[in-house]
Amino acid sequence: MTAVLVAEGIRKSYGHHQVLAGADLQVEPGQLVAVVGENGAGKSTLLKALAGTLKTDGGTVELTGTLGYCPQQAVLSDNLTVGQHLRYFAAAYQLADLARGESLLDQLGYAKYRNTSAGALSGGTRQKLNLTLALLHDPDVLLLDEPYQGFDWETYLRFWDLVGDLRERGTAIVLITHLVFEQDRFDVLADLVHGRLQLRSPHESPSGGDDDRP
Amino acid sequence: MTGPEQTARPAADADGPAGFAQFPTALRFALRNQTRNRLAAVLLVVFVPVWYALMMAMVGHQSLSFKLFSTGQVLVVDGGQLTLISAGLNALSLIVGFAVFDAIRKALNFDRRLVFAGYRQAGLIGAKTLSIGIIASCVALYAAVVLLVFWRPSIAGWLAIVAGYAVIALTYGAFGLLLGVLVKGDLEGFFLIIMGGLMDTFLQNPLGNPLANKPVLEWFPSFGPMQFAVGGAFGNTALWGRLLIGLAWSAGFALCGLVVFRVKTRTRRHQAQPVAGRDRRVVTAH
């Protein structure tokens, strides 16, 4: 199968501190890839580089199709309601209707907050909206930076149901995670060690670096 | 499982369907954002009339000399009425500057995300500019209406005050925009707006500043609006050139602010290259 996301030789330094030292990654349609690594290893930097929100020092990213990016911190407008966020991003993505957004509200279980301002939402619900905005246009490639922070257990399970739906649709997903117990859910684990990605299956032991424990 | 009928579809038109056209949507939400500042609303309702009343009570009706720089004419005017104009300019500079600064600063990351998602920067910039213009004009009209409780100038004089107020509100709205995209912290921005607005408008009034009729004041943002409002209210003249100076300050601040906004919301979003079918081949070289 042809990869929909191909990153080669991504390099990024902050001053003298090299965070990414030639990271390579390929992701195919429907594939679910976990990026794991120590705190400060550069996981969020890698995802920003893949998304194109961060200027890197070198390397290339090739993307086929549309991209959705869910940042680690919810980026919302506190004065706008959930419904108004959906309309704002529907205009950004040039969508014809809000059907997908409504469906996501139901799937993530927060449709009752449609008319609530983002500033009045709990942390977990803000994170649901943050995720919804990244998914609204049904992207072909999805980059998620610890998307379930603040989720309760039920929502966490709903999230994985949603991921299952997306994979069936053929969405390629790259997700940063710290949770060791969920690693069996992924097709590939990508350990970010010394600025490079070391790919392995979930059943192999890491060859270097220690993952964070929850 | 989400059914195929729930699949998001790109709109045929580049500006989206009527319901989600980019510019009207951005304008509507920019207005909502900038009118949700409760402190600014309270200041508007309470501070403006209280400030007028305080100035009127403190200054009384002593005579003051005020120089119209374009004609060289020195007007001898009622100090209380002159101070009302000056107090209105001062209140507008603070309230509009504060409201716009707060809204722009808080929305910057969100605007960056919108641009990343496909919003055209020009649409966001146009909407923000128009929303600041609408809000500045409405607030200026309100302050001029409240003024009538304390003083009834001629209709032409009142209209000149409205124009002066509108221009100072636009100027400090644009200043708030510039600070909103430049300054990271609340306090720094508020301090700059308060210091700038107080110094600027205070210096124009001969009541508090013996040097108020010196040419150096021409280089301050409130010079044009003050000259136009006083010339219209007391001298029956319309000093359009002075009003244009005020508008030039407004345009200058807005231009600088919007350029910085454009740079700060610029995204390295992958550039699309057309290929067969719906898929797009996208290549980014860093």
Side-chain angles (χ1 to χ4, degrees), chain A residues 4 9-12 49 51-69 71 73 75-80 84 87-104 107 117 119 133-140 161-162 164-166 168-169, chain B residues 1-17 19-26 28-30 32-37 103 106-120 123-124 266-273 275 278-286:
Chain A
V4 284
I10 303 294
R11 290 185 290 108
K12 176 68 183 177
T53 63
L54 179 72
K55 189 174 188 293
T56 56
D57 302 327
T60 59
V61 180
E62 289 186 22
L63 175 75
T64 304
T66 50
L67 175 70
Y69 170 54
Q73 301 295 331
V75 179
L76 307 171
S77 179
D78 284 350
N79 290 324
L80 302 183
Q84 287 169 335
R87 285 196 283 282
Y88 220 158
F89 276 79
Y93 293 129
Q94 298 171 15
L95 304 183
D97 56 53
L98 288 180
R100 178 64 174 150
E102 293 293 337
S103 162
L104 289 165
Q107 274 188 287
S117 294
L133 299 182
L135 288 168
L136 201 59
H137 58 312
D138 210 13
D140 300 297
D161 289 342
L162 176 61
D165 289 349
L166 292 168
E168 283 185 33
R169 287 164 175 258
Chain B
M1 176 74 192
T2 306
E5 74 281 358
Q6 291 167 328
T7 301
R9 297 183 299 277
D13 182 75
D15 196 32
F20 309 124
Q22 289 197 346
F23 181 76
T25 305
R28 183 177 153 210
F29 292 140
R32 183 181 166 91
N33 244 339
Q34 288 174 16
T35 51
R36 284 297 181 278
N37 187 325
K106 284 180 178 165
L108 194 58
N109 279 338
F110 187 71
D111 288 330
R112 194 178 287 129
R113 186 172 188 184
L114 283 169
V115 172
F116 180 78
Y119 235 99
R120 285 194 303 274
L124 284 179
R266 191 174 51 191
T267 173
R268 297 180 58 75
R269 197 161 161 260
H270 307 274
Q271 298 299 308
Q273 293 178 0
V275 292
R278 204 191 132 192
D279 279 352
R280 295 177 303 159
R281 189 65 171 168
V282 185
V283 179
T284 296
H286 293 274

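All chains are named by letter (A, B, ...) in the order of the sequence lines, taking the proteins before the strands, and each is independently numbered beginning at 1. Heavy atoms only: backbone and side chains are in, while hydrogens, waters and symmetry mates are out.
- Annotation: maximal heavy-atom pairing with chain A below 4.5 Å, among Leu124(B), Leu114(B), Asp111(B), occurs at Leu114(B).
- Of all heavy-atom pairs spanning Ser77(A) and Asn33(B), the tightest one is OG-ND2, 3.3 Å.
- Annotation: the span from Tyr88(A) atom OH to Gln22(B) atom CD amounts to 9.5 Å, rounded to 0.5 Å.
- Contact annotation for Leu133(A): both backbone and side-chain heavy atoms come within less than 4.5 Å of a heavy atom of chain B.
- Of all non-hydrogen atoms in Gln94(A) and Gly118(B), the two that sit nearest each other are NE2-O, 4.4 Å.
- Remark: Arg113(B) qualifies as a cation-pi partner of Phe89(A) under the 6.0 Å distance and 45° angle criteria applied to the six-membered ring.
- Across every non-hydrogen atom of Tyr93(A) and Ala117(B), the tightest pair is CD2-O, 3.2 Å.
- Both the backbone and the side chain of Ala26(B) come within contact range of chain A, each with at least one heavy atom under 4.5 Å from a heavy atom of that chain.
- For a residue to count as touching a neighbouring chain, one of its non-hydrogen atoms must lie under 4.5 Å from one of that chain's; by this rule Arg28(B) touches chain A with the side chain only.
- Note on ring orientation: taking the six-membered ring where Trp is involved, the planes of Tyr69(A) and Phe116(B) are perpendicular (angle over 60°, cut-offs 30° and 60°).
- Checking side-chain atoms of Arg36(B) against main-chain N and O of Asn79(A) turns up no donor-acceptor pair under 3.5 Å.
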